[in-house]
Structures are given as structure tokens and as C-alpha cells.
Chemist: 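What follows is a single structure, and I will ask about it in a moment.
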Amino acid sequence: MASQQEEGDLPQGFVRLRDVLDQKFVPGHMVNVIGSIIDTQALFKTSKDWKTTWSLMDCSVEDECYGVKLNIFRPRETDIPQIAYQDVVVLHRVKVQRYGGNMSFITNHQTTIRVYESSKIPRPPGSAFVALRPCTKKDERPELTEEIHHYVAAFYHKLDKTNAPSEEVFRQAARQSANVKDKFSLLQDVQAERFYDLIVRVVRAPHFDFDNKATLYVSDYTENPAFHDHIPENLDASQDGDVYGYTSEEPAPVAERWIAPEGKKSLQVTCWEPHSRALQEDVKLGSWIGLKNVQIRLGHDYKYLEGFVREDRTYPNRINVYPFNLDDRENMDDRLTAALRRQQAADKEKKKVIKDIKSAQVAGQKRKASEVQAIEDQPALNAKQRRAENRAKKKEEKARQSVVSAAPVAPSTKSDPPKQNPTQDVTLAGNRQIICEKSNVGLTTIESMLEPSFMKIKIDADTVEVQVPFVNKKYLTFVRVVDFSPSCIEDFAVSRKITQYHDLSDSENSDGSSLDEDESSGGDNDPTVKRAWEWRFSLLLEDALPADGSSPARVWVAVNNGAGQCLTNLDADDLRKNRKCRYQLQDIMHILWGNLEEVKAADGEKQQASKQEVNSRPGSRGSNGNRTQMPDLDSDEEKEEASGRGKESSSRSNEIRLVSKPFTCPIKQYGVRTGKKDEWMRVFAMDGVRIKDV
């Protein structure tokens with residue numbers, strides 16, 4: 001009843017507070033209101049203005065104890081009027097806003113504020129003109145009418161103040177607000193077990209649970225070492241054998257809801273009611289929001305920092321999540337402006353990366369075109385050269401078929417199922433004394449395995465394809481061994497000191513090398529120091545299934561300690577002292593590579609003579625000894641050298657020809673750092689091959 005009477009008594013051009021709370025006015029709309037001040041916060045200085053907040057009540061919201069907040073910004077402290085408990089304020093052209101999930105007011109340069117001192121307001125039909133407090137020149141216009149003065153007197157004495165805070169509570173709240181510490185922080189500065197106010201961007205869409213809980217990721221484009229390291233877009237780690245996502249054809253679905261900057265710049269935040277409801281109504285992917293009273297602590301895994309926004313026990317309806325209006329530049333918080341600049345810098349860097357990737361792609365296409373043109377420009381072979389080339393191919397194919405046919409083939413019966421894999425016959429004809437672990441991957445050739453890999457990444461609206469240095473992937477091949485390194489089988493095992501880290505799982509690198517080079521066998525001959533021996537050698541594998549008319553491709557594969565134990569069923573030892581172990585190794589490896597040792601021994605004399613000739617030249621490098629490193633698989637020189645060694649082993653002279661049976665061999669590809677910043681080299685390694693005991 002009082003509400004309806006109040007609505008009829010309102011001076012022309014003014015609105016009720018209830019109409020604002022019921023969202024009858026959209027944010028940004030200018031209104032005129034009259035209300036009684038029931039709460040206030042102490043003045044404080046922002047980066048460019050002075051600010052205070054009042055809570056207003058009128059007859060339409062007198063049943064609520066919180067009122068409607070008015071946020072006042074003025075350039076000088078003296079521009080903000082002095083007030084006391086339950087003073088009446090008349091506001092012209094104040095802006096409606098939605099802040100923290102609630103409707104409120106905010107002043108602008110057109111807003112005028114006039115205050116009536118409550119203790120001096122007379123009872124009606126008296127005029128409240130005598131209670132007007134002094135004001136600045138800016139607030140003198142428009143001039144208040146007698147209608148407004150009489151309305152203020154009637155309004156103040158008619159207002160039910162039962163639900164309003166007492167004067168003591170009013171004064172105490174004002175004092176407490178003066179002692180409140182500014183809890184704003186950048187994400188780079190947050191620490192565990194503390195509470196902060198944040199200004200952040202939603203970089204992963206909120207996920208809402210059935211228990212009224214929402215989880216989202218936010219960023220202000222600053223980095224914190226205690227945050228989770230975000231993987232770049234579309235590098236999904238869920239793919240089997242491709243944990244970095246380099247070979248993914250389609251972008252991961254999560255990328256559609258994830259726009260986080262790369263690195264440790266994103267914080268996971270969990271919000272409960274009523275904050276989660278505000279997220280669902282007002283926040284979307286890409287929104288800039290404010291978060292108040294965020295508790296920072298370690299997550300459930302105790303690895304990374306996370307944020308938590310819980311219900312305020314003192315004010316259960318208070319919402320600590322509020323979106324920013326980026327179109328309101330006039331009242332934009334300077335801290336938000338700084339965050340937007342950081343986002344702009346990050347976007348510029350991202351665009352630069354895209355440009356560099358595209359430039360590299362264009363350069364690669366031009367280089368490939370020039371290589372194709374170089375091949376086309378090669379002079380055509382004459383008839384004699386073509387006949388010689390065809391004879392060589394036929395001779396090589398005949399030798400290969402003779403090796404395959406020498407192996408026993410399983411007899412076929414009528415009950416045998418039809419062969420689905422065209423390479424199955426060849427695989428059955430391989431070395432039956434060499435077995436490998438079961439694999440679901442199909443048989444592939446070394447040539448296809450050596451092809452470059454590309455990654456598709458989607459940045460904004462652009463999809464870019466870029467060549468990657470390696471992929472984490474497993475292959476199944478059908479190969480034969482045509483060379484090994486080091487050239488002396490006694491050097492297949494190396495030693496290192498036994499330290500307190502000996503039993504740790506990471507005491508050996510993925511490429512088979514020890515963690516500390518000074519612990520290898522070449523640096524310490526002290527007999528009192530205990531040493532552990534490990535397998536570490538490399539095999540040059542040749543494709544036993546080359547494409548028709550093409551030369552077989554070759555690749556060096558590493559054999560580390562674990563793979564060596566699996567392959568030989570022997571523990572590594574000092575092969576120069578333990579003759580029994582060396583003889584056993586030679587017998588076992590003979591099953592793998594046939595007469596390769598004899599071929600290398602026959603070639604050794606000529607190779608040694610060639611080395612002596614090279615070393616005798618001025619400025620040449622001497623030999624580094626028998627111990628050799630894993631060859632650089634991506635080096636053109638190494639490819640030519642490997643190809644040459646294979647040809648020398650198989651067709652050096654008519655004295656000894658390499659005879660070895662091919663076998664099925666799983667190979668894994670991965671990457672190792674080269675020692676240079678952000679540079680990787682791909683490596684291939686034998687994985688899961690076993691030579692059966694004789």
C-alpha cells in the first residue's frame with residue numbers, strides 16, 4: 001500500500017528503486033532517484049579519482065536490508081558531499097549498471113548529488129529546504145523545486161526504517177571500510193592461503209556441475225610459476241603414440257572452449273552459489289570479469305595453485321563475480337585498461353608467430369619446388385646407361401628373393417583364413433628366431449617413416465600447417481641389419497659410476513646415454529670405484545620392403561640398456577674382460593645380422609687404408625677412437641655415409657656378400673634436445689625385439 005502511494009507521490013521524472021532492481025531499466029540508462037543512505041564506505045583514492053559507495057533505500061525496497069548501491073567517482077575529495085546516518089539524497093542523471101550480478105548505480109560527469117541532513121528534516125507539511133547540505137557549483141544545477149523539498153519531508157518520516165541498520169552499525173561499517181586493505185593483485189603475485197581481488201579474462205568456458213558449482217579458467221596475461229603450464233592450442237595429449245598432437249588432423253574439441261595464452265598464465269577458479277549463478281547468466285568465453293575475495297590455495301593434486309570463490313557467510317546474497325562493460329571507456333578501471341594492453345601485446349605476438357609460420361611454409365614450398373626442378377633438369381640417361389641400371393636392379397632383386405626363399409614358409413591348408421595384409425607372406429618368410437612384442441600398428445616402410453611430419457594448429461580463424469622436428473610415435477617395420485656402431489663389438493657396453501641416483505628411473509636418458517658424461521667408461525679407471533655396465537649401441541636398418549624399383553631406405557636406430565637386455569637376453573658387462581659374455585653376444589647377434597661381422601672385417605683393411613690417407617692430408621682431423629656417437633639422423637652427410645656403408649657391406653667385391661634374414665622390428669620415434677635453445681633432433685630406437693635362444 002505504501003509502495004503504491006509512494007509511486008503516486010514521486011516527483012515527475014523520478015523512478016522507484018524497485019523498478020531498477022526489477023531490471024525495468026537496462027544497464028547504461030540514465031535515471032533520477034531519491035533515497036535514504038543506510039550504509040557507506042570510506043573514501044579512498046583510485047588511480048585517477050576518489051571513490052565511495054553508499055547504499056540507498058526507499059519505500060519500494062524497505063523490506064530489504066541491503067538497499068541499492070551507489071558508486072560515486074569524483075576527481076577531488078572535496079567534490080563528494082559529507083553525509084550522516086539516514087540522510088536523504090536526490091540524484092539526477094545517475095547511470096544504471098549491473099555489477100557483481102546485482103543492479104546498482106554509478107555516477108558520471110552529468111550526475112548531480114544533493115543531500116538533506118536527516119536530523120534537520122521537518123515533518124510534513126514542512127519543507128525540507130532547511131535541511132539541504134552545502135554543495136559544489138557542479139551540483140547546483142538543476143535547481144531543486146518546492147515539490148521535491150516537500151516530497152523529501154514526507155518520504156523521510158514515512159519510510160519504515162525497521163530493516164535498516166542501526167546508527168551504531170552504520171558508524172562501525174564506515175570505520176571498518178576505512179581499515180580494509182586493498183586485496184587487488186595480479187595473477188603473477190598471488191600466493192597460497194591468501195585472499196585476493198582479481199581482474200581477469202575468461203579463457204575457458206565455465207563448466208557447471210549438478211551441485212551448483214562452476215569451474216572456469218581465467219588469465220590476466222601475467223605468468224606465475226605455480227600455475228599449470230598450458231599446452232598450445234590443438235596440441236592434444238590424448239592421442240596414442242602422439243602425446244604432443246603433432247600429427248592430429250582435426251583440432252581437439254577443447255580448443256573451441258579454450259583461448260588461454262601459452263605458458264603458466266591461467267588459473268583454475270571454482271565458484272559456488274550464488275556466484276556460479278552470476279557466471280551462468282552474465283559471463284561467457286572471452287569476458288573480462290572481476291572476482292572478489294578469491295581464496296588461493298593448492299588444488300587437490302597439491303601441484304598447482306587454484307582459486308575458490310565461496311558463499312559469504314555474513315552476506316549470503318553478496319555476489320563476488322561481476323562482468324566489465326568494455327564499451328564504457330569513461331568509467332573503465334585503470335587496472336582493466338592495463339590488462340587489456342597486456343592482452344593486446346599477447347595478440348600481437350601471436351600474430352607475429354602466425355606470420356613467421358606462414359613465411360616458413362612458403363619458403364619450404366619454394367625450396368621443394370626448386371628441388372623438383374633440379375631433378376627435372378638432370379640429363380636423361382642414354383640407352384646404355386638405362387640397360388646398366390636395369391641390370392643392377394634385377395641383380396639386387398634376385399639376391400633379395402634368394403634370401404627370402406631360403407627361410408621356411410608355413411604350409412598352407414584349405415582351412416587357413418584369407419590373407420588380409422599384402423605383406424603377411426613376406427613377414428612369415430622373415431627370421432623366425434627373432435620375435436617382437438604384439439602391436440596394433442600396421443606394417444610400414446622406413447621410407448614412409450622418414451617422411452617429415454606436419455602439425456595443423458588453429459589460431460583465431462586461421463589454420464596453419466607447420467613442419468615439426470619429431471613426433472612421439474611407434475612403427476612396425478620389416479628390415480635387415482646392414483651396419484652397426486661402434487664398429488668394435490667390445491664397445492657395445494659402456495660403464496658409469498654407481499652413485500646414490502643409480503636406481504632412479506631418470507638416471508638414463510631416453511636416447512640411452514648416461515646423465516653425466518664424466519661417469520662414462522672413458523673418464524675413470526680407478527679400480528676402487530664401483531661401476532655399472534649398460535648396453536649402448538646403434539644399428540643401421542635397411543628396408544626389406546622397398547617400393548618397386550626404388551633403392552631400400554635405411555635408418556640408424558639406438559639400442560639403449562633396456563632394449564639391449566630385451567634383444568640379447570644378456571646383462572651388459574665389460575666385454576674386453578668377460579670373454580664368455582662377448583662370445584655369447586657374438587653368437588646371438590649373428591642370428592640378427594648374419595655374416596655382417598665378416599663383411600665388415602673384410603672391408604676393414606681397405607677402410608683403414610682410406611682413413612690413413614685422409615689423416616695424412618694437411619688440416620684433416622684424426623680418428624676419435626672406436627667409441628662413436630649416435631649418428632645425426634637428419635644430416636644429409638650422415639644419410640649419404642650410411643648409404644655408402646650399406647652398399648659397401650652388400651656389394652663391396654665378389655669376395656663376401658652380406659647374407660642376413662629380415663625380421664619384423666618395432667621402432668619408436670621421439671625427440672632429444674640438441675643443446676641449442678629450443679632446438680630438437682628426432683631419434684629412432686629399437687623397441688621390444690627379442691632374439692630367441694638357440
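What you see below is based on every heavy atom in this structure, not just the backbone, and it leaves out hydrogens, waters and symmetry mates.
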Chemist: Within this structure, what is the OG-CG distance for the pair S266 and D229, rounded to the nearest 0.5 Å?
Modeler: 9.5 Å
Chemist: Think K473 forms a cation-pi with Y670, using NZ or CZ under 6.0 Å from the six-ring centre and within 45 degrees of its axis?
Modeler: no
Chemist: Salt-bridge test for R171 and E168: reply yes if a basic N is under 4.0 Å from a carboxylate O, no otherwise.
Modeler: no
Chemist: Do Q82 and R133 have a side chain donor and acceptor closer than 3.5 Å?
Modeler: no
Chemist: Taking P122's backbone N and O only, do any of them form a donor-acceptor pair with H157's side chain (distance below 3.5 Å, no angle check)?
Modeler: yes
Chemist: Can you tell me how the ring of H92 sits relative to the ring of F14, calling it parallel under 30°, perpendicular over 60° and tilted otherwise?
Modeler: perpendicular
Chemist: Are any side-chain N or O atoms of Y196 and backbone N or O atoms of Q191, one a donor and one an acceptor, separated by less than 3.5 Å?
Modeler: yes
Chemist: Is it true that R98 and Y322 share a donor-acceptor pair across their side chains at a distance under 3.5 Å?
Modeler: no
Chemist: Would you find a donor on one side and an acceptor on the other, under 3.5 Å apart, between the side chain of T222 and the backbone of Q188?
Modeler: yes
Chemist: Should H150 and S127 count as side-chain neighbours, where that means a heavy-atom distance under 4.5 Å?
Modeler: yes
Chemist: Side chain of K161, backbone of Y156: donor and acceptor closer than 3.5 Å?
Modeler: yes
Chemist: Specify whether F470 and W680 have parallel, tilted or perpendicular ring planes, treating 30° as the upper limit for parallel and 60° as the lower limit for perpendicular.
Modeler: tilted
Chemist: If I take atom CD from residue E262 and atom CD from residue E349, how far apart are they, to the nearest 0.5 angstrom?
Modeler: 10.0 Å
Chemist: With the side chain counted from C-beta on, respond yes when F73 and N108 share a heavy-atom pair under 4.5 Å apart, and no when they do not.
Modeler: no
Chemist: Aromatic ring centroids of F227 and Y304 under 6.0 Å?
Modeler: no
Chemist: Say whether, by atom type as modelled, one donor and one acceptor occur between the side chain of N32 and the main chain of G13 under 3.5 angstrom.
Modeler: yes
Chemist: Do the non-hydrogen side-chain atoms of L305 and L298 ever get within less than 4.5 Å of each other?
Modeler: yes
Chemist: Does L187 offer a backbone N or O that forms a donor-acceptor pair with the side chain of D220 under 3.5 Å?
Modeler: yes
Chemist: Mark yes or no for whether N325, through its side chain, and P27, through its backbone, hold a donor-acceptor pair below 3.5 Å.
Modeler: no
Chemist: Side-chain contact test, heavy atoms from C-beta onward, threshold under 4.5 Å: evaluate it for F105 versus T111 and give yes or no.
Modeler: no
Chemist: Would you find a donor on one side and an acceptor on the other, under 3.5 Å apart, between the side chain of S287 and the backbone of I289?
Modeler: no
Chemist: Does the side chain of I113 reach to within under 4.5 Å of the side chain of W54, using non-hydrogen atoms?
Modeler: yes
Chemist: Under a 3.5 Å threshold, yes or no: a donor from one side chain and an acceptor from the other, between Q86 and S36?
Modeler: no
Chemist: Can you check side-chain contact (heavy atoms from CB on, under 4.5 Å) on T215 and V269, steps first, answer last?
Modeler: CA-CA 6 Å; T215 303; V269 179; over 6 Å; no
Chemist: Identify which one of R194, R310, E306 satisfies the side chain to side chain donor-acceptor pair (under 3.5 Å) criterion when paired with Q295.
Modeler: R310
Chemist: Between K352 (side chain only) and D347 (backbone N and O only), is there a donor and an acceptor less than 3.5 Å apart?
Modeler: no
Chemist: Measuring only between side-chain heavy atoms, which start at C-beta, is Y116 closer than 4.5 Å to I148?
Modeler: yes
Chemist: Is there side-chain contact between I38 and L56, with heavy atoms separated by less than 4.5 Å?
Modeler: no
Chemist: Within the 3.5 Å criterion, strictly below it, is a donor on S118 or D87 matched to an acceptor on the partner's side chain?
Modeler: yes
Chemist: Hey, does the side chain of R74 reach the backbone of D79 with a donor-acceptor pair shorter than 3.5 angstrom?
Modeler: yes
Chemist: Please evaluate residues T40 and T52 with respect to the criterion side-chain contact (heavy atoms from CB on, under 4.5 Å), reporting the C-alpha separation (whole Å), side-chain torsions for both, the decisive distance (0.1 Å), and the verdict.
Modeler: CA-CA 7 Å; T40 183; T52 187; 4.0 Å; yes
Chemist: Are S276 and K213 close enough, and set up right, to give a side-chain contact (heavy atoms from CB on, under 4.5 Å), and what steps lead you there?
Modeler: CA-CA 6 Å; S276 59; K213 183 176 66 176; over 6 Å; no
Chemist: For a 4.5 angstrom cut-off between non-hydrogen side-chain atoms, does P11 reach T145?
Modeler: no
Chemist: Which distance, rounded to the nearest 0.5 Å, do you find between the CH2 of W288 and the CD of Q343?
Modeler: 5.5 Å
Chemist: Tell me whether the NZ or CZ atom of R335 lies within the 45° cone about the ring axis of F184 and under 6.0 Å from its centre.
Modeler: yes
Chemist: How many angstroms lie between CG in L144 and CD in E146, if you round to the nearest 0.5 Å?
Modeler: 10.0 Å
